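Following: one structure in structure tokens, then a few remarks.
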Amino acid sequence: MPRMSPTKIETRRGCVRPPHFDILWLPKAAMKSMEGDSSDCVLVVGVSRPKMALAILTIMLISLFFTFHLIYDSALNSLQTRNVEHSRPPVLLLSKRLYPAAARRLPQAIIMGVRKCGTRALLEMLYLHPMIQKAAGEIHFFDRDENYFKGLEWYRMQMPHSYAGQITIEKSPSYFVTPEVPERIRAMNSSIKLLLIVREPVTRAISDYTQLRANAATASPALPTPNPKTFEQLALFPNGSINESYRPLAISIYHNYMHRWLEAFSRDQLLIVNGDLLIEDPVSQIQKIERFLGIEARIGTHNFYFNETKGFFCLRNETSDRCLRETKGRKHPRVDPEVISKLRKYFGEHNQKFYELVGEDLGWPEE
């Protein structure tokens, strides 16, 4: 079976061989099965130059590779801009300059407050924003020595993966009331932004009592327990005076803790979030936070729906609806209105001191 020379165009019985290709051409007579074909020659598929074949294959593979990454990157950016779970870092094969990888970063903002003010709800609401990444749970890095002395690298490893430009946020309510925390946070990042969520003190104290009683009931359900004391019995002494040492009341005196934060940070680094309004009108508070954090306004009324059964707003994104845990929105016991009025008068002076410190009147009732 003769082979055509690769150095020139040859013509044989009307068969023209293209230049620069080393391809095998056969006369029609060599293939009896082609008797019905009108052509004089048959092209036999094959390449006799291995280097050229390898070059063509390499180009094809590189083209497929870049096509795959363009599709992958487009899909990744689409997911990043939608409200979906995006905490797992992608595996990127190209350079970090073209496809910057996610990394664990120290938080640029921290949510704090007093127990039962709504720190968890606030964090979950902010997580609806594509530019927010949140830590999975309460880290308790700055308020617990056993964690703090593990160092900042340990703390950083507790953070979620995020992209450059995204804001990493963690929340631990007890940061606000722990004396050492302001200076510890300042030592990590003196320009950090702080979100302090507070609620009307008496309502918060009753909610705190409700949770403490529920936790005590579930701690040892098999053991018989005496009837728990009512909120009134714990908040007031038998003579009717206020039990200022009762923890749910003591930590509702916000100005006792606020001054330490204003000594460590400038006022414009700290945003007061009204926890009562967060329950009634979450969008107004979230939009205020978006402006404070310097991120695009993305969260609106379309991200919330009111759950009639639970009695509070639940969250909605493009893919799913969800409510907070069953423990959120727990029904409070009935408290004597006279006790509530007495406590609100007691907190009136303390609230005014808090308003003066933060330069903002939250309008809490005083009777």
Side-chain angles (χ1 to χ4, degrees), residues 86-89 96 100-115 117-127 129-198 251 254-273 275 285-286 288-296 354 357-360:
H86 44 230
S87 60
R88 180 176 295 181
K96 290 184 178 180
R104 298 183 190 272
R105 295 175 172 85
L106 292 171
Q108 296 94 8
I110 289 178
I111 296 174
M112 58 189 184
V114 180
R115 193 168 55 211
C117 278
T119 53
R120 169 55 61 185
L122 177 58
L123 184 64
E124 295 298 332
M125 290 176 185
L126 289 177
Y127 190 52
H129 200 293
M131 295 306 292
I132 297 292
Q133 288 286 14
K134 66 179 178 71
E138 294 181 4
I139 310 302
H140 288 288
F141 177 68
F142 296 103
D143 61 334
R144 294 181 181 174
D145 289 347
E146 64 270 25
N147 289 335
Y148 186 70
F149 293 127
K150 292 177 182 178
L152 284 177
E153 182 60 19
W154 178 88
Y155 182 48
R156 186 178 67 83
M157 293 306 294
Q158 312 310 308
M159 296 297 112
H161 286 83
S162 64
Y163 292 94
Q166 288 185 312
I167 296 175
T168 298
I169 295 182
E170 76 118 326
K171 74 98 177 176
S172 293
S174 53
Y175 284 171
F176 180 63
V177 300
T178 306
E180 302 83 8
V181 171
E183 284 300 329
R184 287 179 174 182
I185 293 180
R186 187 175 183 276
M188 176 195 71
N189 182 359
S190 61
S191 61
I192 198 167
K193 293 190 174 183
L194 303 166
L195 303 175
L196 172 61
I197 182 168
V198 289
I251 60 177
Y254 304 133
H255 70 87
N256 282 345
Y257 311 98
M258 190 68 214
H259 68 87
R260 287 197 297 257
W261 291 92
L262 295 177
E263 290 171 0
F265 298 96
S266 63
R267 177 63 184 87
D268 59 4
Q269 288 179 250
L270 197 149
L271 181 71
I272 305 299
V273 180
Q285 295 301 295
I286 296 300
K288 182 170 71 170
I289 295 170
E290 288 174 326
R291 293 191 294 270
F292 175 69
L293 296 178
I295 55 179
E296 180 185 0
F354 179 66
L357 280 176
V358 301
E360 184 176 348

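Bear in mind that the values here come from a model prediction, so they are computed numbers and not experimental data.
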Taking the side chain as every heavy atom from C-beta outward, state whether [X] and [Y] have any atom pair closer than 4.5 Å.
X: P173; Y: V114; answer: no
X: Y257; Y: I251; answer: yes
X: I132; Y: L293; answer: yes
X: F354; Y: M258; answer: yes
X: H129; Y: I295; answer: yes
X: P107; Y: I169; answer: no
X: E170; Y: I111; answer: no

Salt bridge between D145 and R184, side-chain N to carboxylate O under 4.0 Å? yes
Less than 4.0 Å between a side-chain N and a carboxylate O, is that true for R260 and E263?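 Looking at R260 together with E263, the answer is no, because their closest N to O distance does not fall below 4.0 Å.
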Got a second to check how far [X]'s [atom1] is from [Y]'s [atom2], nearest 0.5 Å?
X: R186; Y: I192; atom1: CZ; atom2: CD1; answer: 12.5 Å
X: I272; Y: L195; atom1: CD1; atom2: CG; answer: 9.5 Å
X: T168; Y: M131; atom1: OG1; atom2: CE; answer: 10.0 Å
X: S191; Y: F265; atom1: OG; atom2: CZ; answer: 9.0 Å
X: M188; Y: I185; atom1: CE; atom2: CD1; answer: 6.5 Å
X: H140; Y: S174; atom1: NE2; atom2: OG; answer: 4.5 Å

I'd like to know if the side chain of [X] and the backbone of [Y] have a donor-acceptor N/O pair within less than 3.5 Å.
X: K193; Y: Q108; answer: no
X: R156; Y: L106; answer: no
X: E183; Y: A264; answer: no
X: W261; Y: F176; answer: yes
X: Q269; Y: S190; answer: yes
X: Q166; Y: Y163; answer: yes
X: R104; Y: H161; answer: no
X: K134; Y: K171; answer: no

Could you go through the side chain to side chain contact (heavy atoms under 4.5 Å, CB included) check for D143 and E138 one step at a time? CA-CA 11 Å; D143 61 334; E138 294 181 4; over 6 Å; no
Minimum heavy-atom distance I167-A109, with the two atoms named: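 For I167 versus A109, the nearest heavy atoms are CG2-CB, 4.3 Å.
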Which of these, L194, L196, V181, sits in a side-chain contact (heavy atoms from CB on, under 4.5 Å) with Y175? V181
Set out, in order, the CA-CA distance, both residues' side-chain angles and the distance that settles side chain to side chain contact (heavy atoms under 4.5 Å, CB included) for W154 and I139, then state yes or no. CA-CA 10 Å; W154 178 88; I139 310 302; 4.0 Å; yes
For the residue pair Y148 and Y155, is the inter-centroid distance of their aromatic rings smaller than 6.0 Å?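 Not under 6.0 Å, so no.
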Start with the C-alpha gap between S162 and R105, add the side-chain angles, then the distance that decides, and say whether side chain to side chain donor-acceptor pair (under 3.5 Å) holds. CA-CA 7 Å; S162 64; R105 295 175 172 85; 3.1 Å; yes
Worked check of side chain to side chain contact (heavy atoms under 4.5 Å, CB included) between L357 and Y254: CA-CA 10 Å; L357 280 176; Y254 304 133; over 6 Å; no
